Structure formats: C-alpha cells, structure tokens
Amino acid sequence: YRPYELLTRPQTNWMKEFTRIGNMQEYEINASAGNDKGKFYTSLSYQENEGIVEQSSFKKFTARVNSDYKLLPNLEIGTRVNLAYTDIHDSEMQSLYYSNPFFAGLTILPWTPLYDENGNYNVNIPENSNTNPLYNASVDEQYEKQYRVHGAMYLQWEPVKNLVIKTNNSVEGTFGEGIRYWGPDPGGAYGTLQSSTLQYLQLTTSNTITYSNMWDDHSFRVMVGQEAQRRTYHSFYAYAPQVDAKIPYLNTSVSSQDQVGYSENARTLLSFFGMVDYNYANRYFLQASLRYDGSSLFGANNIWGLFWSVSGSWNVSNEEWMQGTEDWLSILKLRASYGVNGNNNISAYQAYGVYATAAYNGANGQLPSSPDNANLSWEKNYTWNVGLDLGFFDSRINFQVDAYDRITKGMLLSKQVPQTSGFSSNFMNIGSLKNTGVEAQLDGDIIRTNDWNWNLGVNFAWNKTEILDLGDVEEMTYSGDSRLKHVVGKSFYTFYIKDYYGVNPSNGDALWRTKDGQLTNDYNKAQYIYAGSPEPKFTGGINTSVAWKGLSLSAFFEYKVGNKVLIVENRYVQSDGNQMSMNQALGALNYWEKPGDTGVNPKPVAGNASNSYTFASTRWMEDGSYLRLKDVTLSYTFPQAWMKKIHLQNLKVYVSGLNLYTFHDVQWWDPERGVDGMGAGIYPMTKTIVGGLEVSF
C-alpha cells in the first residue's frame, strides 16, 4: 500500500526526538541547638527536577522551624511551622492524546519529517491529527503553583506529677493557581486558555489529658481526649477559547463563549477518644481504645460512629523459665489485636440532594443533580491481627510475621438505580469486602565485625480481596469503565473483557470463544469473561548492604507477582491493518502468512473492521510481574580523625542509581500500569543517577 521509496527518505526516531536526559538537584541545610530550657531545629531545602520530555519540570522550596521551650518546670510550649512552594510544569500527557509524546512517539511514521522546509516544527502529520508534540511544547503551557503552610502550637502542663494536660492547635493551608494554555496553529492569532485558583484550609484542635504511673512490676497509662476539625475548599475556573496569542491572559479574550465556574465545600469532624495501656513486668501488655466520631459528610440519621480496639502481647523471652536461652533466642514475642475503625474518605455532600445550575429557554435555573441519602454512614472495617516476633543470636537474625483478616461492611459506592427515580445512580453503603493477608520480614547480619558488616533482608506480603456482597446485584462497573467490574466472589478489581482464542491456522482470522464453547471469527458473538485482576498476589522487597570501615554499598529490589495488565496502546500499534496511517510496533510483524501458522497475530487487512485489535479483549492481557532494582548506593564516610583536623563532625559522599533495571516479560517499557492495570500514555518510570555530599558541622 506504500511505495518502497519511502524507506530511502531520512528517518525520524520520534521517541528519541520527544525525550531527553533529565536532571535533578537537591540542597538542604539544617541546624539545631538546645539546653535544659529549650531547643530548636530549622531547615531549608530546595529541589529541582527536569523531566525527560519538554516542559516537564518540578521545583520545590521548603522551610521548617521546630521549637520547644519550658516556661516553668511543669509548663512547656512548642511550635511547628512548615512552609512550602511548588512549581510543576508538564506537557500534555493526558491518556492517548495526539499531543502526548509517549503516544505520538509510537504512532507517527518514521519517514514523516520533524521539521518543514523552513526549519520550523512540522505540523503536517495527518497520522497524528496534524499534531507535533514538540511544536505544542513550544507554544503551549501547563503549570500549577502551590503555596502551602502548616503551623501548629502546643501547650503542655503537668499540674501534678504524672498528670499531663496538653492542647495542640494547628492550621494547614494550600493556595494554588494553575494554567493550561493551548497556543494557535502556525500563523494563528488566538490561543485557548484555562485558568484556575484554589484555596484549601484546615483548622484542627486536639486536647488530651494523660495520666501514667508505675509501681513494682505494674505500669499503666490512661488518656482521654477531644479533637475537632474543619476543612474548607474553594476553587475558581475560567475558560477563554480566544485569547491574544501575544498576550495570553483572560482579559485579552475576544470571544463571547468564555465560561467561568466556582466551587466551594466544607466538612467538619468531631471526635472523642480514650485509651488505656498496661504492662506487667515487661512481659504482658494490654491496650484498649475507644473513639466516637461525628462527620458532616454523612446523612442526618447516621452522623456518628463508634470505633474501638483491643490488643495484647506476651514477651515470652522475659519469662523466668526462658533464662539461659539468650545466647540463641534473644526475642520471642506473641501479639494479637482486634478492632473496628471507620472510613469517611468521600467527597462532600454525597448524602445530600444536590442541585445543579442549568440554562432553560434563555434563563438560568436549578435542577436536581443527585438524590439525598439520609442514611449514608461510615464504612466500617472489622480487623483481627496475630503476629510473632523472633530474634536469634543477640538479634543478629530477626523475623516478624503477621496474619490478618479484615471485613469491610457498608462500602461507600455509587450504585445504579432505576431511571424512573429521576437519577441514574445513588451513593450509598452497600455490600462487604474481605481482605486476608500475611506479611513477613526476615533480616540478619551475615557478617558483623569491627571492620566488616553485611546485612541481608527480605520482606513479603500476600493479600487477597474478595467481594462478599453487593446488595441486590452480583456485579457493578468500576468507575464507569466497563472493562473492570466489582463481582461477588471475586477480587475487588476484576477484568471483564472479550475471550480471545488466537488465530485460525487455515486463514489467519482472529478467533473468539462463544458462550457455548464454540469458536467464531465474529467479534460480536464473542463472550465476555472475568479475566483476572490487576491486584498482585505477592509484593515485597529485598535489601542488602555491605560496609567496610567507611565504605558502604547497599541495594534494594522491589517485586510484584501475579497481577494482570492490559496494554491498551496495542489497539493502535498492533492494529492488524486497521490503523493504516500509524506506525506499528515490532510485534505487529509476527503475523499469519500461510496455512498452518500458529502462535502469531491475525493476518493484517487494510482498514481491518473485524475488531481483532480491540483493547477490550484478553489478547492484550499480560502477566505484570516484575523485579525492579530500585536503588543502589555506594558511599564513603571519611574517618573521624580526619574530620577533627578540618573542624567537621561528619563528611560523606555518595552516588546512587535509581530504577536501574527491571526484570519483566510485559511487552512494554514499564510493567507498572496503575491501580487499574490499564494506565495508558502515562509518564514512565525513569532511570536516575544521583551524586551527593553530606557535611555536618
């Protein structure tokens, strides 16, 4: 369908053109001092990162001051102040946009030139909707700037021995502004501008009374307290489709299509709580807690929730009859707990009948947007946990293991309701979810001498989710994406996609399984199946460090096993001839050519309309397991004798490699695809080399 002459033209490596070597730098200085009256700590830090694509950058400045001062022997005051400023610039990397360099870099044809005959960025790219991400990066702008402040002050009074009264009051605020500007096409006079501002403010007061004491082998602590929190949020949004490209601000707009929007919400939380700790002879430990929380996010009938927990542990290694085992068994401890906690992590006003603004017959009005639910309440988690701690040979080898089971009841989900109600969905407490898991960690010193130290550790976590109930339905669509479901009896996230069989060896057609177990080349007759979950079966890490005198080498690996990922980009770059105008992945060349070929892609057909390439099928599902070398660090700490001569306390130099290599079988540059296993066009994990210097005076 194309002349071979195209291959004689200059070729463009678009992914190479769209990416670059980024850089990062970070500086921090801190100081502390104190005496018997008071102490303080202060720090300043600056971080700047330049990303691997044009316009992607991150800057952050932070300042911190902590101070504590004794006004009287039994009266202490303290402050904590944190300030931060962030400036984030990025390119248009939203999903599979034509302007996303991680999508366009795959699909633009290699013989399409980067520049036009005048040396400007070429925008005559029909296979990418005439969009050149480098041109866009030169005329577009996206940024978000935020100013953050967190300040807290406490006053602590001990009127009598062992009785402490403390009040802690804090304010946390975020003030931000963001811009998304799309410049005009070459020669154009107007651009499009989106501008937004936000203000977030949280006020918290926490007040406690604590009494602790001990006599003989008994030790206990009792605490009661109250906490109140109020959070407000405001945002303003403006959209102008025609602003002067030379002065791209809202007040240069010439369009009557400008739009503005305003949003505000508030939420409050009031809590009362208490806790009791007791231990006997450092062998038997008990703890109980109780809290009563009221949240404005819930319906009038169920604002309050009562939560509690009990836990205990037995330090067996401190028993008298364990004496004599210290040489080989230094720690033996058993732990157990059970409790109920609540979740109110939802948007504001979900329990209320909310109205939305609408225009009708040239006039503004209000219409119902979502129904009310006066019974909306806390999502509750009922959790038990048992654990074992072991230490051997003077704690040179340590092992911890925990097993848990958690039942979540009254999950906060949006459920479809009959259209006759006037709404399509309602937010409610529905169903239950079970989490069962085991977490374990083993670490030890293989070598421990005056000059040599070698430590090795491994941790492991297994977690299984199972939906027990969804009310009067057996399944629900996840967040509007029909490819993921919540299904009773299966994991919380379950893929629901077409059942792809493979290629018909006689003619190269794509084959699908039907509900009755037959094979068909008709995509519309293919059955949908539950095809696994993006949730991993196992996660964990491996860490090791070797040190000789002041020289140290450490490494950390992370792993994930058993999760499924769906490579949705293949719908375009291995399209079996459907996307004739787009460049294709190397894997597309492995296609059916003659009768008898198996284990290959379907035969490519120009303008293919068979849906063999659909991204909603098991054809593009892969095992997302991986082992990643997350961090390798080589450092040297100079001897103290040398430091004294130059009046330094400590001097350390180091070099680190981050994300250096990932072992995986996913046909993509990065096996991680987000919590839903389908993230498309996302910013990839990057390799980073860092050199650093730490100096202490």
Side-chain angles (χ1 to χ4, degrees), residues 150-155 164-174 199-211 221-235 263-277 287-311 337-355 369-384 406-415 425-433 471:
H150 181 261
M153 176 178 289
Y154 76 87
L155 184 65
V164 176
I165 301 174
K166 184 176 182 179
T167 179
N168 190 80
N169 301 277
S170 67
V171 57
E172 179 180 349
T174 298
Q199 175 184 303
Y200 160 87
L201 193 65
Q202 179 172 295
L203 304 175
T204 304
T205 179
S206 179
N207 307 282
T208 59
I209 301 175
T210 305
Y211 180 77
R221 179 178 62 136
V222 178
M223 181 187 72
V224 295
Q226 169 272 335
E227 185 173 272
Q229 185 180 97
R230 175 177 172 81
R231 189 187 337 177
T232 58
Y233 175 86
H234 302 265
S235 68
S263 172
E264 70 171 278
N265 64 65
R267 62 181 66 190
T268 57
L269 180 70
L270 180 61
S271 306
F272 303 93
F273 51 87
M275 181 177 66
V276 178
D277 282 330
Q287 184 183 85
S289 67
L290 182 70
R291 61 181 299 130
Y292 192 49
D293 296 296
S295 173
S296 66
L297 298 175
F298 297 122
N301 299 336
N302 286 303
I303 291 176
W304 293 92
L306 182 65
F307 311 107
W308 55 272
S309 69
V310 292
S311 62
S337 65
Y338 182 80
V340 182
N341 61 39
N343 171 36
N344 70 333
N345 186 22
I346 60 174
S347 302
Y349 312 121
Q350 297 274 26
Y352 297 85
V354 178
Y355 283 76
S369 174
S370 63
D372 70 322
N373 183 359
N375 294 316
L376 190 69
S377 183
W378 293 84
E379 180 180 278
K380 294 185 178 181
N381 299 296
Y382 301 78
T383 307
W384 64 257
R406 181 172 71 242
I407 303 294
T408 301
K409 297 183 178 180
M411 292 189 296
L412 293 163
L413 297 172
S414 181
K415 181 180 181 298
S425 64
N426 193 5
F427 199 77
M428 60 182 66
N429 299 96
I430 179 173
S432 57
L433 173 71

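Because the structure is predicted, anything quoted here is derived from the model rather than measured.
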Task: Contact summary for Thr408 and Asn381, nearest pair of heavy atoms - done: OG1-OD1, 2.6 Å

- [ ] Find out whether Arg221 and Thr210 are in side-chain contact, i.e. whether some heavy atom of one side chain is under 4.5 Å from a heavy atom of the other.
- [x] yes

- [ ] Could you tell me whether the side chain of Lys415 reaches within less than 4.5 Å of the side chain of Asn426, counting heavy atoms only?
- [x] no

Task: Derivation of the side chain to side chain donor-acceptor pair (under 3.5 Å) call for Asn168 and Ser170 - done: CA-CA 7 Å; Asn168 190 80; Ser170 67; 5.0 Å; no

Open item on the list: Within the structure provided, determine whether Leu376 and Asn429 are in side-chain contact (heavy-atom separation under 4.5 Å).
Closed with: yes

Task: Heavy-atom donor-acceptor pair, Tyr349 side chain to Ala266 backbone, under 3.5 Å - done: yes

TODO: Report the distance from atom CE of Met275 to atom CD of Gln287, rounding to the nearest 0.5 Å.
DONE: 5.5 Å

Task: Gap separating the CG atom of Asp277 from the OG atom of Ser289, nearest 0.5 angstrom - done: 9.5 Å

Task: Euclidean distance, Arg231 CZ relative to Leu201 CG, rounded to 0.5 Å - done: 11.0 Å

Open item on the list: Contact between Leu290 and Leu306 at the side-chain level, heavy atoms closer than 4.5 Å - yes or no?
Closed with: yes

TODO: Could you tell me whether the side chain of Tyr355 reaches within less than 4.5 Å of the side chain of Ser369, counting heavy atoms only?
DONE: no

- [ ] Report yes or no: does Gln229 contribute a side-chain atom to a donor-acceptor pair with the main-chain N or O of Leu269 at less than 3.5 Å?
- [x] no

Task: Atom pair OH (Tyr352) and CG (Leu297), whose distance is rounded to the nearest 0.5 Å - done: 8.0 Å

- [ ] May I ask you to decide if Tyr200's main-chain N or O and Thr174's side chain share a donor-acceptor pair within less than 3.5 Å?
- [x] no

- [ ] Check each of Phe273, Trp304, Phe272 against Tyr292 using the ring-ring contact (aromatic ring centres under 6.0 Å, His included) test, and report the only one that passes.
- [x] Trp304

Open item on the list: Using side-chain heavy atoms (C-beta onward) and a distance below 4.5 Å, is Thr204 in contact with Glu227?
Closed with: yes

- [ ] Please work out which of the three classes, parallel, tilted or perpendicular, describes the rings of Trp378 and Phe307, given edges at 30° and 60°.
- [x] perpendicular

Task: Aromatic ring proximity, centroids under 6.0 angstrom, Trp308 and Tyr338 - done: yes

Task: Closest non-hydrogen atom pair, Glu379 against Met411 - done: OE1-CA, 3.1 Å

Open item on the list: Can you confirm whether more than 12 heavy atoms, excluding those of Tyr382, are under 6.0 Å from its OH atom?
Closed with: yes

Open item on the list: Could you check whether any side-chain N or O of Asn343 sits under 3.5 Å from a backbone N or O of Asn345, counting only pairs where one atom can act as donor and the other as acceptor?
Closed with: yes

- [ ] Supply the atom-to-atom distance Gln226 CD to Thr205 OG1, rounded to the nearest 0.5 angstrom.
- [x] 6.0 Å

Task: Test item: Asp293 side-chain N/O and Gly305 main-chain N/O as donor-acceptor pair under 3.5 Å - done: no

TODO: Mind listing the closest non-hydrogen atom pair of Ala351 and Gly299 along with its distance?
DONE: CB-N, 3.6 Å

- [ ] Please examine the side chains of Arg267 and Ser295, heavy atoms only from C-beta on, and report whether any two atoms are closer than 4.5 Å.
- [x] no

- [ ] Measure across Thr268 and Ser296 and return the closest heavy-atom pair with its distance rounded to 0.1 Å.
- [x] N-OG, 2.9 Å

- [ ] Determine the minimum heavy-atom distance between Ser377 and Leu412, stating which atoms define it.
- [x] O-CD2, 3.4 Å

TODO: Taking all heavy atoms of Ala348 and all of Asn265, pick out the closest pair and write down the distance.
DONE: CB-CB, 3.9 Å

Task: Ser235 OG to Gln199 CD distance, which is reported to the nearest 0.5 Å - done: 10.5 Å

